[in-house]
Protein chains: 2
Amino acid sequence: MQAGEITKYEYYITKGCLKVYTLDEDGTPHISMFAVEDYWTGDMASFMTREPSRYFIKATEDSELLGISRTNYDLLFQEIPKFERFYRILYQKSLISYIRRTNHGISLTAEERFVVFKRKYPSIVNRITQKDLAAYIGITPEFMSKIISKVNRM
Amino acid sequence: MQAGEITKYEYYITKGCLKVYTLDEDGTPHISMFAVEDYWTGDMASFMTREPSRYFIKATEDSELLGISRTNYDLLFQEIPKFERFYRILYQKSLISYIRRTNHGISLTAEERFVVFKRKYPSIVNRITQKDLAAYIGITPEFMSKIISKVNRM
DNA sequence: TAAAAGTCTTAAACTAGTTTATTTTTTTTC
DNA sequence: GAAAAAAAATAAACTAGTTTAAGACTTTTA
């Protein structure tokens with residue numbers, strides 16, 4: 001998916017790995033999430049508002065996804081109102097975990113953020129490039145390289 | 001409200017200003033939001049899970065709030081299921097704007113974050129101390145002082 | 001399989017922001 | 001309205017992370 005397009009589907013990942021990212025004014029990429037098996041992904045803002053997305057989504061390896069269109073998404077609530085409750089709780093939980101995640105990252109150094117990510121998602125670290133990892137942690141690839149060799153030395 | 005307590009109410013602010021903050025390991029405060037008239041506040045994570053909150057909430061001036069208890073919140077959905085939809089959409093919108101906000105802040109310098117905040121919430125800037133502003137922007141009070149005098153000079 | 005393109009490493013010079021310390025200004029309290 | 005306490009300003013020394021540049025290693029392509 002390219003920034004500028006309207007997000008037509010929300011995707012559920014059955015196999016593979018995708019990166020969701022934006023480019024800032026300098027063209028520097030910022031990865032907001034790596035989505036692997038059993039994750040949902042897509043730009044919900046664009047999906048809901050039907051405005052162009054600011055995100056790119058690229059598979060970092062061969063992947064298989066299931067997509068739900070906006071029409072079917074709306075139909076779901078219309079046909080089966082019980083899903084309102086399901087999604088109300090799902091979004092509330094997403095909000096809580098998102099707030100927790102961003103708040104937790106605050107006040108940690110890049111090295112600490114990397115160590116936490118590595119401990120929490122060991123399987124993801126080995127599937128992505130160091131450059132993408134740097135774009136996720138929020139530092140330059142050069143500094144990422146330095147951190148990794150330091151952490152490995154310990 | 002003190003960290004360690006379980007959040008009993010979600011509050012709607014009719015008058016005043018509150019700061020919502022955490023303390024990190026060093027005891028440095030990080031303000032996650034200033035809540036003024038017409039905002040909702042409270043630690044939703046603690047309110048929902050009934051686990052102790054990590055947040056402090058303090059009024060920065062005399063304030064008036066309306067609170068809804070967890071019991072009444074649950075009752076709302078039970079008695080009037082239409083509120084499920086209302087809250088599903090409310091939480092979805094909160095999620096979208098929260099993601100947008102955090103993503104936007106990325107790659108800006110402290111000075112740029114301050115200028116953006118000042119432009120977006122000019123009325124809040126004048127109601128809070130420089131120290132609290134620093135804790136919100138994510139820098140030391142010393143550097144905040146430097147930035148403000150620089151921006152004023154321009 | 002050679003060339004091209006991309007990724008990783010290393011290092012030196014630099015910048016945004018912190019730390020520590022001191023002084024000045026403003027606000028609170030009795 | 002003086003004393004005490006808190007907030008703000010200034011400045012020098014420091015640190016985490018960036019920039020630029022160049023070489024080594026790895027993957028892709030023709």
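Per chain, numbering begins at 1; letters A, B, ... match sequence-line order.
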Response to the item:
note: A:Ile106, atom CD1; D:dA16, atom P; distance rounded to Å ~ 19 Å

Worksheet item: Hey, would you say the B:Tyr87 and B:Tyr73 ring centroids sit under 6.0 Å apart?
Response: yes

Practice prompt. Find out whether the Lys NZ or Arg CZ of B:Arg88 is both under 6.0 angstrom from the six-membered ring centre of A:Phe77 and within 45° of the ring's axis.
Written response: yes

Practice prompt. Counting heavy atoms from C-beta on, name the nucleotide in C:dC8, C:dA11, D:dT18 closest to the side chain of A:Phe143.
Written response: D:dT18

Item to complete: Identify which nucleotide among D:dT19, C:dC8, D:dA8 has an atom closest to any side-chain atom of B:Lys131, counting heavy atoms from C-beta outward.
Response: D:dA8

Fill in: Closest to the A:Ile139 side chain, choosing from C:dA11, C:dT18, D:dT18
D:dT18

Worksheet item: Below 4.0 angstrom, N of the basic side chain to O of the carboxylate: do A:Arg127 and A:Glu37 qualify?
Response: yes

Worksheet item: With respect to the side chain of B:Thr129, which nucleotide from D:dT10, D:dT19, D:dA8 is positioned closest?
Response: D:dA8

Worksheet entry | Between P of D:dT19 and CE of A:Met144, the distance in whole Å | 16 Å

Practice prompt. For the side chain of B:Gln130, starting at C-beta, report the closest nucleotide among D:dA9, C:dT20, D:dG17.
Written response: D:dA9

Item to complete: Using a heavy-atom cut-off of under 4.0 Å over every strand shown, decide if A:Thr140 touches base, sugar-phosphate, or nothing.
Response: base

Item to complete: For residues B:Glu10 and B:Phe47, determine if any side-chain heavy atom of one lies less than 4.5 Å from a side-chain heavy atom of the other.
Response: yes

Discussion item. Measure CG/B:Asn152 against C1'/D:dT10 and give the value in whole Å, please.
Written reply: 16 Å

Worksheet item: How about B:Phe56 and B:Tyr21: are their ring centres within less than 6.0 Å of each other?
Response: yes

Fill in: Rounded distance (Å) that lies between atom C1' of D:dA9 and atom CZ of B:Arg153
12 Å

Worksheet, complete the sentence: Whole-Å distance, B:Ile148 CD1 to D:dA8 C1', equals 9 Å

Worksheet item: Taking OP1 and OP2 of C:dT9, is either one under 4.0 Å from a side-chain nitrogen or oxygen of A:Ser145?
Response: yes

Worksheet entry | Separation of D:dA16 P from A:Phe114 CZ (nearest whole Å) | 17 Å

Practice prompt. Can you pull out how bent the helix from C:dT1-D:dA30 to C:dC30-D:dG1 is, comparing the axes over its first five and last five pairs, to 10°?
Written response: 50°

Worksheet item: So which one's nearest nucleotide on DNA chain C is more toward 5', B:Glu142 or B:Ile147?
Response: B:Ile147

Worksheet item: Are any of the side-chain heavy atoms of B:Glu51 and B:Ile6 separated by less than 4.5 Å?
Response: no

Worksheet item: Rounded to whole angstrom units, what separation is found between the CG atom of A:Asp132 and the P atom of D:dT27?
Response: 15 Å

Discussion item. Using side-chain heavy atoms (C-beta onward) and a distance below 4.5 Å, is B:Ile57 in contact with B:Lys19?
Written reply: no

Item to complete: Could you tell me the separation between the CG atom of A:Asp26 and the P atom of D:dT18, rounded to a whole number of Å?
Response: 12 Å

